[in-house]
Amino acid sequence: MEINENNFERLANYLQQTLNPDPEVRRPAERFIESIEISQNYPLLCLHLVDRPQVDMTIRVAAAIAFKNFVKRNWGFHLENDGPDKVCESDRNGIKSLIVPMMLKSPASIQKQLSDAVSIIGKYDFPLKWPQLIDEMIEKFATGDFHVINGVLQTAHSLFKRYRYEFKSQELWEEIKFVLDKIAKPLTELLQATLGLAEAHANNEEALKVIYSSLVLVCKVFYSLNSQDLPEFFEDNMETWMKAFHGLLTLDVPCLKTPDDEDAGVLEHLRSQICENLCMYAQKYDEEFGPYMPQFVTAVWELLVNTGIQTKYDSLVSYALKFLSTVADRNHYRHLFEDPNVLASICEKVIIPNMDFRLSDEELFEDNPEEYIRRDIEGSDVETRRRAACDLVKTLSQNFEAKIIEIFGQYLQVLLAKYAENPASNWKTKDTAIYLVTSMASKGQTQKHGVTQSSELVPLPQFTQQQIIPELERSDVNQLPVLKADALKFIMTFRTILGPQIIVATMPLVAKHLGAGSVVVHTYAACAIDKILTMRGTDKQPIVTKELLTPLSAELITGLFAAFTVQGSNENEYIMKCIMRVLNTLQEASLPFMIVVLPRLTEILTVVSKNPSKPHFNHYLFETLSLSVKLVCKADPNAVSSFEEALFPVFQGILQQDVLEFMPYVFQMLSLFLEIREGKSSIPDTYLSLFPCLLAPTLWERPGNVTPLIRLLCSFVRQASPQISAEGKLSGVLGVFQKMIASKNNDHEGFYLMQNLLLHYPAEELGQSMRQIFSLLFQRLSSSKTTKFVRSFIVFLCLYASRVGPQALIQMIESIQAQMFGMVIERVFIPDINKVSGELDQKIVSVGLTKLLCECPEMLAEPYVNFWPQLLQTVVQIFELPPDESAIDGDNFIEIEDVPGYQAAYSQLNFAQSKPFDPLPDVTNVRQYLVQHLGKLGQAHAGKVGTLISSLPAAHQEALQKYCAQSGVQIA
């Protein structure tokens with residue numbers, strides 16, 4: 001792509017269309033931009049478009065976002081995916097020369113996008129390939145232009161933020177040291193200069209806003225640079241920083257106080273960040289920070305007491321409370337809290353006020369239930385007052401349990417008595433009481449079981465019977481909805497401690513609340529049912545069986561589907577997950593409801609496929625569909641055609657419209673349909689017409705498609721090999737195999753495809769390509785050997801020996817290069833066979849090696865006879881030793897699932913998983929198979945086999961004798 005006016009106009013036009021709400025206009029534009037983004041000059045075109053003041057601002061922002069997404073997808077693609085470099089060198093250099101100056105002069109909305117792009121580039125290139133970046137940034141500190149300085153600080157924040165969570169490594173330490181040597185001193189000088197300017201402009205509101213926003217960013221960068229360890233420079237200059245932090249916490253700046261109750265102003269952001277910095281120092285560096293601790297405890301305490309209940313202070317209050325929790329948890333600072341008067345004051349002035357249900361919480365509950373739920377039960381309320389107050393209660397009750405229980409016991413009685421006086425008006429006091437009991441009681445907690453250990457302010461079963469169940473028993477499910485939600489959450493939280501008897505008895509009460517008009521209430525009801533259905537008793541069996549659930553099933557299914565019709569719950573992931581759980585518990589007892597369930601699920605899929613927006617909801621929708629297919633087809637396999645009839649039009653639409661999020665799910669469900677048909681009916685023409693499309697290269701470019709597509713392709717190979725052959729499509733399938741084998745991430749998928757071809761494709765036609773297949777595998781073995789590849793390669797060779805024959809294997813390898821099979825034994829089999837793990841793979845290897853040892857005359861002659869005892873030794877080790885988990889020398893490849901923070905685009909459907917397939921079903925006992933074949937070989941070569949076995953180590957000979965005794969075999 002050339003950088004010219006015509007291309008600027010074209011790109012601007014397509015970017016405009018990507019903002020169109022109509023998917024018919026938006027999707028083609030998105031596809032066009034995706035298709036051109038790896039063209040040379042595309043990212044530079046985007047940047048120049050961003051830099052044009054005459055262009056409409058929405059298009060400039062769209063270009064900045066497109067540029068950032070380009071960088072995100074492609075800058076490190078070749079490093080992380082073992083694929084080609086998608087960004088040409090001239091573009092890389094052009095971007096690095098343009099981006100920082102452009103970012104610094106851009107408006108804030110564009111600056112943010114470009115700053116993020118700099119941080120992504122920095123992740124891969126800084127400092128080794130972009131050492132000048134930090135000097136370029138630091139020199140801007142001297143400009144005095146705070147728009148520029150803030151741009152630099154925002155970039156520094158984006159760039160160094162990863163130091164907060166990266167794993168320790170030598171490379172990381174070296175990078176942080178490089179950064180500290182360059183920036184620690186200028187950052188400290190900038191802090192001092194900015195504080196001086198704040199004093200000089202004390203009465204200038206506009207100037208102070210800019211100055212204080214710089215201080216916020218300085219504090220954020222400080223946090224990142226101190227996250228891994230306490231740098232020497234900051235330790236030496238701790239007095240400077242702590243004095244600044246203390247002053248900024250305690251200084252009153254009236255002109256920066258905003259009238260807005262909702263959104264935090266710059267002063268709140270700054271104090272919140274300072275409290276977060278203090279938490280880090282108190283947690284990690286309390287010895288060095290010790291001298292400053294008392295003055296900050298006082299400052300933070302006064303800040304808490306004098307801060308209002310408005311939402312804008314939430315983040316500040318939660319970090320301030322977290323700081324107090326951190327200090328209270330340290331042995332040498334407990335004396336600050338031991339005085340009963342101090343504890344009573346903390347409870348009265350800090351904890352209780354921050355546990356109260358405020359008007360802003362009520363508005364969130366009613367107007368934005370999704371956000372309320374996210375904060376309340378998903379554990380993402382880390383920055384809410386209630387969570388922080390709850391954590392402080394836990395810390396204090398661990399260290400001063402008796403005193404805290406006494407203080408809060410009195411509060412609890414007062415709160416419940418006030419509620420009893422007038423429930424309709426005073427319901428908020430009961431909400432606080434329930435939250436207080438929950439905070440005190442939750443000692444040990446897991447996602448799977450809820451609270452497992454408790455410290456009781458009151459006996460929980462008694463509190464449940466007296467205060468929780470009455471709320472659920474009210475006839476009107478819409479009365480006092482917040483208390484209904486509290487009660488349902490209480491049941492969920494303490495389900496393990498309350499025990500099966502109470503929990504099972506509450507099921508009908510919980511189910512009734514699926515009909516509540518409040519999104520939060522019916523969501524909590526669905527969530528509680530889901531959690532209860534996963535509970536198991538001491539016998540490891542579910543506490544709610546299908547027999548117990550069946551009487552409730554009609555009410556549950558009706559209530560769950562009715563909840564989707566409530567505004568705000570149309571795509572409620574908890575409801576969908578609960579439907580899945582109910583059907584799975586009911587199993588065949590759910591069949592009578594399928595006549596209602598399946599049309600509704602299909603209808604929902606049709607709607608959401610037009611504009612997928614809720615990934616979890618979509619996942620559970622496909623899980624529920626897969627489960628329904630399995631349940632119905634287990635009872636009647638022929639019913640698969642009804643599912644195909646109902647779902648194929650929707651699937652076709654998804655594939656034609658290129659709905660990326662849904663394609664991996666569609667491929668999994670098509671595989672499920674074909675696997676149900678396998679061995680029962682021939683493959684319909686609708687599938688055969690789809691087959692050529694599956695070989696389209698663009699589908700295989702998307703990582704999320706690879707695993708489900710390979711599975712689908714293998715289903716075709718197993719059931720439609722004659723048709724694939726007749727259509728001349730084998731070369732396309734082998735093209736996929738070649739692509740998979742070239743990738744370190746996906747080579748195992750290539751081997752899985754080849755295994756299916758070997759077992760099911762016409763041998764004569766496949767045989768014509770087999771030498772080329774082996775050559776490819778050996779090329780990959782010599783060019784980039786990984787442990788995963790070697791394991792898969794060994795399994796493939798052994799399967800070939802088992803199915804085609806051991807002599808055929810030797811001839812094939814020798815046809816590529818004379819004497820090569822000996823090298824394979826010496827350099828691949830003997831050192832690495834014991835790296836093969838998994839029962840099925842180990843079976844294939846042991847059978848393949850048994851055939852090589854016992855059915856191949858070449859193995860008993862020179863030069864291979866020297867390897868015979870060693871190969872037999874490896875077979876015995878497969879049976880007797882755990883797999884060798886060590887990596888091959890020089891193998892730096894990490895399997896993608898092990899990479900922290902990596903989220904694969906492919907989501908496996910649990911209810912659409914394929915069954916493990918045994919390619920050697922005739923062999924049922926591998927040890928017996930080995931000694932029986934050795935026995936036959938011994939009879940044919942009297943004395944020779946016994947002599948070879950006698951050269952094995954004693955332990956291996958003993959193991960063989962044991963197998964012989966168990967199988968009634970003698971080896972001559």
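For the single chain, residues carry numbers from 1 onward in sequence order.
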Q) Does some side-chain heavy atom of Asn277 sit less than 4.5 Å from a side-chain heavy atom of Asn226? A) no

Q. Does Ser569 reach the main-chain N or O of Asn572 with its side chain, forming a donor-acceptor pair under 3.5 Å?
A. no

Q: Report yes if the side chains of Ile183 and Leu225 come closer than 4.5 Å at any heavy-atom pair, otherwise no.
A: yes

Q.
Give me the atom names and distance for the closest heavy-atom approach of Ala63 to Leu49.
A. CB-CD2, 3.9 Å

**Q.** Identified side-chain contact (heavy atoms from CB on, under 4.5 Å) partner of Pro369 from the options Asp376, Leu364, Val519
**A.** Val519

Q) Where do Asp260 and Lys312 come nearest, in terms of heavy atoms and distance? A) O-CD, 3.0 Å

Q) Going through the distances and angles, do Gln111 and His147 end up as a side chain to side chain contact (heavy atoms under 4.5 Å, CB included)? A) CA-CA 10 Å; Gln111 198 175 68; His147 179 72; 3.8 Å; yes

Q) Would His619 and Tyr665 satisfy ring pair (Phe, Tyr, Trp, His ring centres under 6.0 Å), going step by step from the backbone distance to the final call? A) CA-CA 8 Å; His619 184 84; Tyr665 292 126; 5.5 Å; yes

Q) Can you tell me how far the CE atom of Met102 sits from the CD1 atom of Ile110, to the nearest 0.5 Å? A) 9.5 Å

Q | Atom of Glu268, atom of Leu316 and distance for their closest heavy-atom approach | A | O-CB, 4.3 Å

Q) For Arg10, which residues count as a side-chain hydrogen bond (donor to acceptor under 3.5 Å, both in side chains) partner, sequence neighbours excluded? A) none

Q.
If you apply the rule side chain to side chain contact (heavy atoms under 4.5 Å, CB included), what do you find for Leu248 with Leu195, and how did you get there?
A. CA-CA 9 Å; Leu248 291 166; Leu195 287 170; 3.9 Å; yes

Q) Mind checking whether Met576 and Ile604 have side chains closer than 4.5 Å, heavy atoms only? A) yes

Q.
Under 4.0 Å between a side-chain nitrogen and a carboxylate oxygen: does that hold for Lys105 and Asp51?
A. yes

Q.
I'd like to check Leu601 versus Leu605 (side-chain heavy atoms, cut-off strictly below 4.5 Å). Are they in contact?
A. no

Q. Short question: side chain of Trp700, backbone of Leu694 - any donor-acceptor pair under 3.5 Å?
A. yes

Q: Consider only side-chain N and O atoms of Ser315 and Ser272, and report whether a donor and an acceptor are under 3.5 Å apart.
A: yes

Q) Is Lys209 reaching over with its side chain to a backbone N or O of Val266, donor-acceptor style, under 3.5 angstrom? A) no

Q.
Among Cys275, Cys219, Ser214, exactly one meets side-chain contact (heavy atoms from CB on, under 4.5 Å) together with Leu270. Which residue is that?
A. Cys219

Q. Quick one: which of Arg162, Arg164, Lys161 gives a side chain to side chain donor-acceptor pair (under 3.5 Å) with Ser224?
A. Arg164

Q) Which pair of heavy atoms, one from Gly94 and one from Ser97, lies closest together, and at what distance? A) O-OG, 2.9 Å

Q. Where do Thr311 and Ser360 land on the side chain to side chain donor-acceptor pair (under 3.5 Å) test, with the steps shown first?
A. CA-CA 7 Å; Thr311 315; Ser360 58; 3.3 Å; yes

Q: Decide, yes or no, whether a salt bridge links Glu701 with Lys739 under the criterion of side-chain N to carboxylate O below 4.0 Å.
A: yes

Q | Asn41 side chain to Leu44 backbone, donor-acceptor under 3.5 Å | A | no

Q. Taking Asn74 for the side chain and Lys86 for the main chain, is one N or O donor matched with an acceptor at less than 3.5 Å?
A. no

Q) Between Arg26 and Glu30, is the closest basic N to carboxylate O distance under 4.0 Å? A) yes

Q. Which pairs count as ring pair (Phe, Tyr, Trp, His ring centres under 6.0 Å) when at least one residue sits in residues 21-69, sequence neighbours excluded?
A. Tyr14-Phe32, Tyr42-Phe70

**Q.** Trp75 backbone acceptor or donor facing Arg92 side chain under 3.5 Å
**A.** yes

Q: For side chain to side chain contact (heavy atoms under 4.5 Å, CB included), just list the numbers for Gln113 and Val50, CA-CA rounded to whole Å, side-chain angles, deciding distance to a tenth of an Å, and then say yes or no.
A: CA-CA 11 Å; Gln113 302 302 329; Val50 166; over 6 Å; no

Q) Angle class for the Tyr163/Phe160 ring planes (parallel below 30°, perpendicular above 60°, tilted otherwise)? A) parallel

(Q) Tell me the closest heavy-atom pair linking Pro131 and Phe178, and the distance in Å. (A) O-CZ, 4.1 Å

Q) Counting N and O atoms only, with roles assigned by atom type, does the side chain of Glu9 sit under 3.5 Å from a partner on the main chain of Asn6, one being a donor and the other an acceptor? A) no

Q) Distance-only, no hydrogens or angles: does the Lys96 side chain make a donor-acceptor pair with backbone N or O of Asp125 under 3.5 Å? A) no

Q. Can you tell if the side chain of Phe662 reaches within under 4.5 Å of the side chain of Val650, non-hydrogen atoms only?
A. no

Q: Output, in order, the C-alpha distance, side-chain angles, deciding distance and verdict of side chain to side chain donor-acceptor pair (under 3.5 Å) for Asn745 and Ser743.
A: CA-CA 5 Å; Asn745 281 342; Ser743 158; 5.0 Å; no

Q: Indicate the atoms forming the closest heavy-atom contact of Leu208 with Cys255, along with that distance.
A: CD1-SG, 3.5 Å

Q.
side chain to side chain contact (heavy atoms under 4.5 Å, CB included) for Tyr124 and Val71? Distances and angles first, verdict last.
A. CA-CA 11 Å; Tyr124 297 105; Val71 169; over 6 Å; no

Q: Using the six-membered ring wherever Trp is involved, compare the ring planes of Tyr372 and Phe365 and label them parallel, tilted or perpendicular (cut-offs 30° and 60°).
A: perpendicular

Q. Side chains of His269 and Gln273: do they bring a donor and an acceptor to under 3.5 Å?
A. no

Q. Quick check: are there more than 12 heavy atoms from other residues, nucleotides or ligands sitting under 6.0 Å from NE2 of His616?
A. no

(Q) Closer than 3.5 angstrom, by distance alone: can the side chain of Gln668 be matched with the main-chain N or O of Ser907 as a donor-acceptor pair? (A) yes

(Q) Between Arg374 and Glu370, does any NZ, NE, NH1 or NH2 come within less than 4.0 Å of an OD or OE carboxylate oxygen? (A) no

Q: Side-chain contact test, heavy atoms from C-beta onward, threshold under 4.5 Å: evaluate it for Gln652 versus Leu690 and give yes or no.
A: no

Q) Crowded around Asp367 CG? As in, over 12 foreign heavy atoms under 6.0 Å? A) yes

(Q) Donor-acceptor pair, distance only, cut-off 3.5 Å: does the side chain of Lys140 make one with the backbone of Gly151? (A) no

Q. Do NZ/NE/NH1/NH2 and the carboxylate oxygens of Lys72 and Glu37 come within less than 4.0 Å?
A. no

Q. With the threshold set at 4.0 Å, does a side-chain nitrogen-carboxylate oxygen contact exist between Asp314 and Arg358?
A. yes

